[in-house]
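Worksheet: one structure, shown below.
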Amino acid sequence: MRSIFKAQVGHRVSRSAFGTFIILLFLIVLSLFMMFPFAYSIMQSLKPAEEIFAFPPRLLVHNPTLDNYENLFKLADSLSVPFSRYVFNSFFVSVFGTAVYVAIAAMAAYSLAFGTFRGRGRLNDLIVTALLFSSPVTAVAQYLIIANLGMLNSYWALLLPVLAMPFGVFLMRQFLVQMIPMSLIEAARIDGCTEFRVLWTVVIPVVKPAVMTLILFTFQTLWNTNGANFIYDEAHKVLPTVMNELIAGGISRAREGAAATILLMLPPVIIFFFTQRQVIETMAASGIKE
């Protein structure tokens, strides 16, 4: 019986060259299909007015120009608040919020995965249940809470809804349970490590792919946060809000709108470029069973 099992384990499934070519061709077509929206957005941002409004629409740009970006920055300079203030608001909220949220999610996930307190299972069930509620469902409740706390027109109005997301805790807990053996935690405790030291020096380095994935998703969420429901003071507005206001002129602002789309898209793309390896590792490990 053991010999049969070893033979089955050692057997490697061979694939013909034609099958490999078909799979490679399928992946190339799928990749091009996924890249098309991003490439099309770049081409739209480089088109002059006569090409943007041409009929029938043209896919490729024939006379590329940077006038769309120049016009967008001219519109931004005409605002009462310097454009650099909006850039600072977006980066501060995104970077600070990401760091705080990842720390909170890691500590909460560690407690739920390896803690021994009563009600741990019910808390985990509550987090899983909270995943079912989308942001439009909780929008009114979020506004009432933030308004009653006196946090309108502040950075906390943008940060609190994201810091309360259950996705990060769920992701980190699942990864900790799958990848960290309890024996490793017990060994660190026997060596005299505190729970905080076990988390940050033993656990986090092992689950670095999950941490990088959470950083990517959290940064993207915060960067794309509009905040128009909570922020009315011009000095606290973020880039998505300002960009939407600048291109709200309809079809006459189509060129500037295409340029604004690319500018708002760049930071998350850059973050993904540096974290893609860890994201792929996380997606691959997510199928591991306990």
Side-chain angles (χ1 to χ4, degrees), residues 5-6 8-10 13 94-135 137-138 141-142 159-225 268 271-290:
F5 177 75
K6 290 180 179 179
Q8 290 177 347
V9 172
V13 178
S94 301
V95 175
F96 177 76
T98 298
V100 173
Y101 182 70
V102 171
I104 292 175
M107 291 186 289
Y110 176 80
S111 300
L112 292 173
F114 304 112
T116 57
F117 57 91
R118 294 181 58 183
R120 183 178 58 140
R122 293 184 179 274
L123 281 177
N124 184 58
D125 294 339
L126 181 63
I127 292 174
V128 174
T129 304
L131 291 172
L132 302 175
F133 296 92
S134 60
S135 54
V137 176
T138 59
Q142 287 178 354
L159 292 170
L160 282 184
V162 177
L163 295 180
M165 291 192 309
F167 172 75
V169 180
F170 175 78
L171 175 68
M172 291 294 296
R173 180 194 175 277
Q174 293 301 107
F175 214 86
L176 290 178
V177 170
Q178 293 171 2
M179 302 301 295
I180 305 295
M182 190 61 192
S183 58
L184 179 64
I185 304 298
E186 293 175 349
R189 290 172 177 171
I190 292 174
D191 289 341
C193 294
T194 62
E195 296 298 328
F196 277 98
R197 187 174 180 183
V198 172
L199 172 61
W200 297 112
T201 62
V202 178
V203 174
I204 293 300
V206 178
V207 296
K208 182 181 177 181
V211 174
M212 299 304 293
T213 302
L214 187 57
I215 288 175
L216 172 63
F217 288 155
T218 308
F219 182 88
Q220 181 179 2
T221 301
L222 285 166
W223 180 262
N224 294 327
T225 298
I271 295 294
F272 176 75
F273 178 79
F274 289 103
T275 61
Q276 58 178 332
R277 182 176 180 181
Q278 286 77 17
V279 172
I280 293 174
E281 289 182 12
T282 302
M283 299 307 172
S286 62
I288 299 177
K289 302 299 182 182
E290 297 183 40

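Count residues from 1 along the sequence. All values reported here derive from a predicted model rather than from experimental measurement.
Pairing each heavy atom of Leu112 with each of Asn124, the nearest pair is CD2-N, 4.3 Å. Across Ala106 and Trp200, no two heavy atoms sit closer than the pair CB-CH2, 4.2 Å. Here the closest heavy-atom approach between residue Gly97 and residue Leu159 is recorded as CA-CD2, 3.5 Å. In terms of heavy-atom proximity, Arg189 sits nearest to Phe114 at NH2-O, 3.6 Å. Closest non-hydrogen pair, Ala210 versus Met172, comes out as CB-SD, 4.0 Å. Between Leu131 and Pro166, the shortest heavy-atom distance links the atoms CD2-CG, 3.8 Å.
For Ala108, the side-chain contact (heavy atoms from CB on, under 4.5 Å) partners two or more places apart in sequence, or in a different chain, are Val169. Listed by chain and residue number, Glu195 satisfy the side chain to side chain donor-acceptor pair (under 3.5 Å) test with Tyr110 (two or more places apart in sequence, or in another chain). Residues satisfying the side-chain contact (heavy atoms from CB on, under 4.5 Å) criterion with Thr138, sequence neighbours excluded, are Phe133, Gln142.
Remark: Ser183 OG to Ile190 CD1 distance equals 10.0 Å, nearest 0.5 Å. The structure places CZ of Phe272 at 9.5 Å from OG1 of Thr213, a figure rounded to the nearest 0.5 Å. Atom CZ of Phe196 and atom CE of Met107 lie 6.0 Å apart (nearest 0.5 Å). Residue Arg122 holds its CZ atom at 8.0 Å from CG of Asp125, rounded to the nearest 0.5 Å. Atom CZ of residue Phe175 and atom CD1 of residue Ile180 lie 8.5 Å apart, to the nearest 0.5 angstrom. Note that CZ of Phe219 is 6.5 Å distant from OG1 of Thr98, once rounded to the nearest 0.5 Å.
For the side-chain contact (heavy atoms from CB on, under 4.5 Å) with Thr218, the lone residue among Thr221, Ile215, Leu214 that qualifies is Leu214.
Contact check for Gln220 versus Ile271: no side-chain heavy atoms found under the 4.5 Å cut-off. Side-chain contact between Tyr101 and Leu222: absent, with no pair of heavy atoms (C-beta onward) separated by less than 4.5 Å. Taking the side chain as every heavy atom from C-beta outward, Val177 and Arg173 approach each other to under 4.5 Å. Taking 4.5 Å as the limit, every side-chain heavy atom of Val202 sits out of range of all side-chain heavy atoms of Arg197.
Within 6.0 Å of atom CZ in Phe273, 12 or fewer heavy atoms from other residues, nucleotides or ligands are found, so the atom counts as exposed in its surroundings.
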